[in-house]
Amino acid sequence: MRGPGKWTPRQTRQAWGGGGLSHSGLCMPHWRLHTELMAESPITARSQDFAAWYQDVVLQGDMAEPAEIVKGCMVIKANGYAVWEVLQRELDQRFKATNHQNLYFPLLIPESFLKKEAEHVEGFSPELAVVTVAGGKTLEEPYVIRPTSETIIGHFFAKWIQSWRDLPLLCNQWANVVRWELRTRMFLRTTEFLWQEGHTAHSTHEEAVEESLRMLDVYAEVSEDVMAMPVIKGVKTRAEKFAGALRSYSIEAMMQNGLALQAGTSHDLGQNFGKAFDVKFQNKEGQLDYVWQTSWGVSTRLIGGLIMTHSDDKGLVLPPKLAPVKSVLVPIYRKEEEKGPVLEAAHRIAKEVGAKVDDREGQSPGAKFFHWERRGVPVVLELGPRDLASGKIVLKRRDTGTKEPVDQTAIAGKLAEALADMQTGLFTRAKERMKANTVLANSIGEVEEILKNATAEKGGGKFVMAHIKDDPAVDARMKEFKATIRNIPLVDEFDGPGKCIVTGETVPHRAVIAKSY
RNA sequence: CGGGGCGUAGCGCAGCCUGGUAGCGCACCUGCCUUGGGCGCAGGGGGUCGGGCGUUCGAAUCGCCCCGCCCCGACCA
């Protein structure tokens, strides 16, 4: 049954106005002309429809699929979850290295808890899912399904903290959260998503600020060094900060269409939740004081950012450090007598270099190449009778598409080299793209001029760097061009102080204005 | 939540206007043959036509209601 809710190429095609007519025949790469009817469907070109391309890559890369029976939710498939597991490992070891411990709090939070911090409840109430009936009875007090856990953690922190000796308290939890979203996109925004949320309590504000910046650095490091995704660290404006925080920091990445993606956030919560949940400690002077808290999180959204940073019209591209399978060896043989020696050599070499052998029967090598290509495997090795005779093996890179015959004796080194080169190459390319699409503006008119045509279809979005005041009224003006102030960078890479393009007041340096996901 | 589009086999679609009990390609299964970028041939399995109600001798097809998904906008990691 076709069933409700398949995100099909046909539907996306119609959405961008092609009516499903003949776009497939017109501007496809030539190899698609005779492969239209293949099981693994073609991928919409980025230049045609970026949103459709993204969806195709997720689906064809077997990363996830819509859970059509649950509104706004998705199934993260084995391929996608494996990437999440690598991310979890990379993040978790850095959390541990900075003395955090993992624990776990309940999914359900008493509704009254949310209401204890005024700004917090106001920020989250539109997106709460609430449990009102359980065990066949209407509950006296409804539970909300956690949209984040500051409140319930505040409650327990109050029980656990008495003295300055209990501080700092450094916690993290890996969890799912639910935020009722009006519009969803796989990985980027779904009703339920996976994340980690760090929660810490400190005896001084300085220490809390230090902590929130430390974890922002951890996020930036994982983004750039592991995911090869360049980011801008900065402060969120008051209008954009987390509901209940004193100050929020973010890392912002630029997708291939020039739109910004908030890839991680870290919050200085001040004493707001301490006061709301009565989290007090006795300091060294014997005085009672409220704790200073932080919270910080990254989610499965990172995977969406990863896809929109590196993937191409052939499908997924995974940076080697994140790829669950770094290389696949495709054995090629024509005659029965070739099969034995080829497979023997294939397994020997694969074992030596840690590659996976695709020895499925009944699939042609060509089909296997396409299969692994769209799943983002960094390197595919090809080994056939010709290579056996010459002592070579063919190494093909996913990022550049280059094919190179390599001496079998040198393959381990060459493979490692190719993977390392791909990792840095992907980062460099993304970084250069970000630079190329970052422009300065010195008046609100210029900002408008730049952003009004800034969509993927019209040549790509931009990061507009402008002097602009951190004032909600100023943020509101950005709505005129469907943009937001993404953040105020921690490090100024431009020209220092200048006059705000809206109010004329002097501000320390330029901020990032962009359209975003 | 407003505007637009769509829902027929696992996937992509035809059939609907002009009602007569469902078809094509790919995928899947079996066998042979092939294998350096999506091989070929032969045979085969698979569908409560998104759901409900109605009109009719008869509904995928006509009418009403509902549900879901995609796209575009307002809110958000």
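Just so it is clear: chains get the letters A, B, ... in the order the sequence lines come, proteins before strands, and each one is counted from 1.
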Heavy-atom side-chain proximity of A/Y54 to A/M255 below 4.5 angstrom: no
Inter-nucleotide C1' distance (B/C39, B/G51), Å rounded: 43 Å
Among B/U35, B/C75, B/A77, the nucleotide that comes nearest once only the side chain of A/K479 is considered: B/C75
Validation row: A/S266, A/T294 side chains within 4.5 angstrom (heavy atoms): no
B/C17 and B/G10, which share atom name P, separated by this distance in whole Å: 25 Å
Separation between the C1' atoms of B/G20 and B/A59, rounded to whole Å: 10 Å
Sugar-phosphate, base or nothing in reach of A/G72, heavy atoms under 4.0 Å: sugar-phosphate
Nucleotide of B/G36, B/U35, B/C75 approaching A/R386 most closely (side-chain heavy atoms): B/G36
Separation between the P atoms of B/C26 and B/C62, rounded to whole Å: 30 Å
Sugar-phosphate, base or nothing in reach of A/E127, heavy atoms under 4.0 Å: sugar-phosphate
C1' spacing across the pair B/C16 / B/C6, given as an integer number of angstrom: 15 Å
Separation of B/A77 C1' from A/H267 NE2 (nearest whole Å): 9 Å
Base-pairing assignment for B/C49 (Watson-Crick or G-U wobble, both under 3.5 Å): none
A/R301 vs A/L261 side-chain heavy atoms within contact, under 4.5 Å: yes
A/E373/A/R398 ion pair, N-O < 4.0 Å: no
Nearest listed nucleotide, side chain of A/Q55, among B/C71, B/G38, B/A77: B/C71
Residues A/D313, A/R46: salt bridge by 4.0 Å N-O rule: yes
Euclidean distance for P, B/G68 against B/U55 (whole angstrom): 27 Å
Residue matched to B/G2 through Watson-Crick or wobble contacts both under 3.5 angstrom: B/C72
Inter-nucleotide P distance (B/C24, B/G45), Å rounded: 13 Å
Rounded distance in Å between the C1' positions of B/C57 and B/G46: 32 Å
Shortest side-chain distance from A/T190, nucleotide among B/A77, B/G36, B/C75: B/A77
Shortest side-chain distance from A/S299, nucleotide among B/C75, B/A77, B/C39: B/A77
